[in-house]
Protein chains: 2
Amino acid sequence: MTLSEENYLKSIYSLQREHRKGVSTNVLSKYLDAKPASATEMIKKLDEKGLVRYQPYQGVLLNESGEISALKIVRKHRLWETFLAQKLDFSWDEIHDVAEQLEHIKSDKLIQQLDKFLGYPKYDPHGDPIPDENGHVIKMEKKRVSQLQPGDTGSCIGVNDTSSSFLQFLDQQNIRLGSVIQIVNFQDFDKSMTVRIEDRELILSQIATENIYVRI
Amino acid sequence: MTLSEENYLKSIYSLQREHRKGVSTNVLSKYLDAKPASATEMIKKLDEKGLVRYQPYQGVLLNESGEISALKIVRKHRLWETFLAQKLDFSWDEIHDVAEQLEHIKSDKLIQQLDKFLGYPKYDPHGDPIPDENGHVIKMEKKRVSQLQPGDTGSCIGVNDTSSSFLQFLDQQNIRLGSVIQIVNFQDFDKSMTVRIEDRELILSQIATENIYVRI
DNA sequence: TATATTTTTTAGGTTTGCCTAAACTTTATT
DNA sequence: AATAAAGTTTAGGCAAACCTAAAAAATATA
Ligand SMILES: [Mn+2]
Ligand SMILES: [Mn+2]
Ligand SMILES: [Mn+2]
Ligand SMILES: [Mn+2]
């Protein structure tokens, strides 16, 4: 499998949660920073290889073997992120881009030994579960901060937006994995929320509250 | 710089020691398992980019900026080899192919932190010196076993042939970095040598003695 | 020195992955 | 239901990195 095929599979995997009837070429190409025509081409190729189900104009979904392949790449990505954060002192926002490259290194032994070296971690530094060797992932019961009510409390287990600027913002505000977030109140006019984090109150925009995941 | 450009630069770096007047397209293409026509194309491209000096029919040599680039890749390759051997329990012969992929990962911070994590190693698992951040390499006074006389003793510091089959052979014979090798005698008819390694005597072929480096 | 052999380059193709622009299909609006 | 808008596919190109086969240059041999 080529680097590009792997990136498409992984993207379809990420997108099909929220696009149950099919990931459109538009959505997919935007996610990958490419043009819709390029997505169509690649999708057709993956379809011919038996990794996805594709009906013209109806979007694309992984089939079983496509999902197995995608999960292998997700596993590698998350193990490398864990390595970068735990062993090489990379910060939350620096790990993603490098893991994006490392996930494509081909060596079964490498990933097996890396897993062992890290002590078989269950979650990556963003709080996302790491698939095991057989592609089994822990399903998490996670909510967005935006779905909580005033008075509710949750602990941060991950993010949706993994952009550097967002992760840096969280770092600056001292919001990290495990941080306990309590909703103080909700402003209707702009959907922002006042939250309490470790004795400190701050206002999070709608965009922010929609991109932070918590477990209650 | 593309992956392919990096591989060509690194190959020219390795070959120009023994091809002082210029690395021919024939030699270069054979080393890279490609066709001479492909080497010519890439050399012209590297020349246009100002990384090598190339005169048609006269072979190619790195210029200063080409050598700096090549040394960066060599540094990455050897640091990754050290990581694989020391931290992930890869054996001597397994590390090369994976490092061949890892050396192309682009991140200054990654290589800096990896160096730190490994404790700023000076030599890789094959005994080759690791260039520092500024591209400075320790010049080693190394001899091939084949250059020794009966009675001479040396300690193994590296190999020339890095093929799996050779490294596996060395593993089987318990020849590793630091092994003390004493020449017992020399057979003129086939240039083989009887050597003593830790109380054990064995016969090494000419090919073998030419591919093991020692420090006296 | 003339000829043969080897080496190197050039010319023309192929594959992968990307693009733009035009054509087509689906969905939304009147 | 007809038309407009939006989304998708197709057609035709391009760049990188490889290839084969033919032409050209360098080197070896007679
Ligand atoms: Mn990737
Ligand atoms: Mn992650
Ligand atoms: Mn390489
Ligand atoms: Mn090495």
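Below, read A as the first sequence line, B as the second, and so on, with proteins coming before strands; counting in each chain starts at 1.
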For A:Glu5 and for A:Ala37, find the nucleotide of DNA chain C with the closest heavy atom, then tell me which residue's nucleotide is more 5'. A:Glu5

For the pair A:Phe117 and B:Phe117, name the ring-plane relationship: parallel under 30°, tilted 30 to 60°, perpendicular over 60°. perpendicular

Need one value for A:Ser38: base, sugar-phosphate or nothing, where a base atom within 4.0 Å counts as base even if backbone is also close, heavy atoms only. base

How long is the line joining CD1 of B:Ile43 and P of D:dA17, in whole Å? 14 Å

Check for me whether the distance between the ring centres of B:Tyr8 and B:Tyr31 falls short of 6.0 Å. no

Rounded to whole Å, please give me the gap between NZ in B:Lys44 and C1' in D:dA16. 15 Å

Per atom distances to the A:Tyr57 side chain, the nearest of C:dT8, C:dT16, D:dT9 is D:dT9

So if I take every side-chain heavy atom of A:Thr2 and compare against C:dT16, D:dG7, D:dA17, which nucleotide ends up nearest? C:dT16

Under 30°, 30 to 60°, or over 60°: which ring-plane class applies to A:Phe83 and A:Trp80, parallel, tilted or perpendicular? perpendicular

Using whole Å, what does the distance between atom C1' of nucleotide C:dT16 and atom NZ of A:Lys45 come to? 6 Å

May I have the distance from A:Tyr54 (atom OH) to C:dT25 (atom P), rounded to whole angstrom? 13 Å

Considering only heavy side-chain atoms of B:Glu41, the closest of C:dG12, C:dT26, C:dC19 is C:dG12

Please report, rounded to the nearest Å, how far the P atom of C:dT16 is from the CE atom of A:Met1. 15 Å

Check every strand shown and say whether A:Thr25 touches a base, only sugar-phosphate, or nothing at a heavy-atom separation below 4.0 Å. sugar-phosphate

Sugar-phosphate only, base, or nothing, as touched by A:Thr40 at under 4.0 Å among non-hydrogen atoms: base

Considering every strand and a 4.0 Å limit on heavy-atom distances, what is the contact class for A:Pro36: base, sugar-phosphate, or nothing? base

Between A:Asn211 and A:Asp161, do the side chains contain a donor N or O and an acceptor N or O under 3.5 Å apart? no

Does any N or O in the side chain of B:Glu210 come within less than 3.5 Å of the main-chain N or O of B:Ile207, such that one atom is a donor and the other an acceptor? no

Tell me: NZ of A:Lys35 to C1' of D:dT10, nearest whole Å? 17 Å

How long is the line joining NZ of A:Lys49 and C1' of C:dT15, in whole Å? 12 Å

Rounded to whole Å, please give me the gap between CG in B:Asn7 and P in D:dA17. 10 Å

Assign A:Ala34 to base, sugar-phosphate, or nothing according to its heavy-atom contacts below 4.0 angstrom with the strands shown. sugar-phosphate

